[in-house]
K.L.:
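Can you keep this structure in mind? I'll have questions shortly.
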Amino acid sequence: DQQVKQNSPSLSVQEGRISILNCDYTNSMFDYFLWYKKYPAEGPTFLISISSIKDKNEDGRFTVFLNKSAKHLSLHIVPSQPGDSAVYFCAASSTSGGSYIPTFGRGTSLIVHP
Amino acid sequence: EAQVTQNPRYLITVTGKKLTVTCSQNMNHEYMSWYRQDPGLGLRQIYYSMNVEVTDKGDVPEGYKVSRKEKRNFPLILESPSPNQTSLYFCASSRSLGTVYGYTFGSGTRLTVV
């Protein structure tokens, strides 16, 4: 049973346009969310995170939005660049009880065309 | 340079021949974890360790062993590898389970069991 779902396996976007990657979760105990970016032949790298006490977190071209009532988060990349082409993993964790262990989604492969 | 180092990067082995994939981090991180990445399945946690001598099963622990005798090292042991363990493996570490820091991942070990 997937607790973190990335329903789009792939996304293709033109350079300069907005990329929107979506993530849904089912566990209401999740209160911390992270996005990781992975290039081929490399390990995932941490990109951006958001706590459930916020609904938006921004870092340069990357913004993560959280809709707790819908159990949905999204990563916006504006403007998209060819170097953003990678697999993006959404991860969620619960900080209650000190667990924090993240659960990852299956990833979305983003291709940004020049 | 702060990093997680996995060895080897590539490994081809035969069914039943014991192998160890090493993982070492130089950041004095408490938390370490092993993941496998398979097409369409994303990142699945195998084992994790919250500190020295403290290890626990993740989502897919069958067929794997780990040990954490020192803080910096977290080897993954396959006592009797089988073809269904052919996968891309990642080791990760975190300063603690405080998720604001995110994970640092190694570059991966691509294992093929024939």
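First the proteins, then the strands, lettered A, B, ... as listed; each starts at 1. Side chains are part of it too, since the values below use all heavy atoms of this structure and drop only hydrogens, waters and symmetry mates.
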K.L.:
Considering all heavy atoms of both residues, which atom of F46(A) and which atom of Y103(B) are nearest to each other, and what is their separation?
P.N.:
CB-O, 4.1 Å
K.L.:
Is it the backbone or the side chain of Q37(B) that comes under 4.5 Å from a heavy atom of chain A, or both, or neither?
P.N.:
side chain
K.L.:
Linking I/L/V/M/F/W/Y whenever any side-chain heavy atoms sit under 4.5 Å apart, do W35(A) and L43(B) land together?
P.N.:
no
K.L.:
Between F89(A) and G42(B), which heavy-atom pair has the shortest distance, and what is it?
P.N.:
CE2-CA, 3.9 Å
K.L.:
With a 6.0 Å cut-off (strictly less than), is the heavy-atom count around NZ of K65(B), excluding the residue itself, greater than 12?
P.N.:
no
K.L.:
Examine whether an atom of R110(B) lies under 4.5 Å from a heavy atom of chain A, and if so say whether it belongs to the side chain, the backbone or both; otherwise answer neither.
P.N.:
neither
K.L.:
Quick check on R61(A): does its CZ atom have over 12 non-hydrogen neighbours (other residues, nucleotides or ligands) under 6.0 Å away?
P.N.:
yes
K.L.:
More than 12 foreign heavy atoms under 6.0 Å from NZ of K5(A): is that the case here?
P.N.:
no
K.L.:
Using a 4.5 angstrom heavy-atom cutoff, name the option from A91(A), G107(A), G43(A), S51(A) with the most pairs to chain B.
P.N.:
G43(A)
K.L.:
Taking G108(B), G58(B), G40(B) one by one, which has the highest count of heavy-atom pairs under 4.5 Å against chain A?
P.N.:
G40(B)
K.L.:
Can you pull out the residues in residues 76-88 of chain B with any heavy atom less than 4.5 Å from chain A?
P.N.:
L88(B)
K.L.:
By a 4.5 Å heavy-atom criterion (distance strictly below it), what part of P44(A) contacts chain B: side chain, backbone, both, or neither?
P.N.:
both
K.L.:
Test of understanding: clusters of I, L, V, M, F, W, Y form through side-chain heavy atoms closer than 4.5 Å, transitively. Do F90(B) and F104(A) belong to the same one?
P.N.:
yes
K.L.:
Please tell me whether F33(A) and L47(A) are part of a single hydrophobic cluster in this structure, the criterion being side-chain heavy atoms less than 4.5 Å apart.
P.N.:
yes
K.L.:
Let me check something: do V60(B) and L41(B) share a hydrophobic cluster, defined by ILVMFWY side-chain heavy atoms less than 4.5 Å apart, either directly or through other members?
P.N.:
no
K.L.:
Grouping I, L, V, M, F, W and Y whenever their side-chain heavy atoms are under 4.5 Å apart, do Y48(B) and V21(B) come out in a common cluster?
P.N.:
no
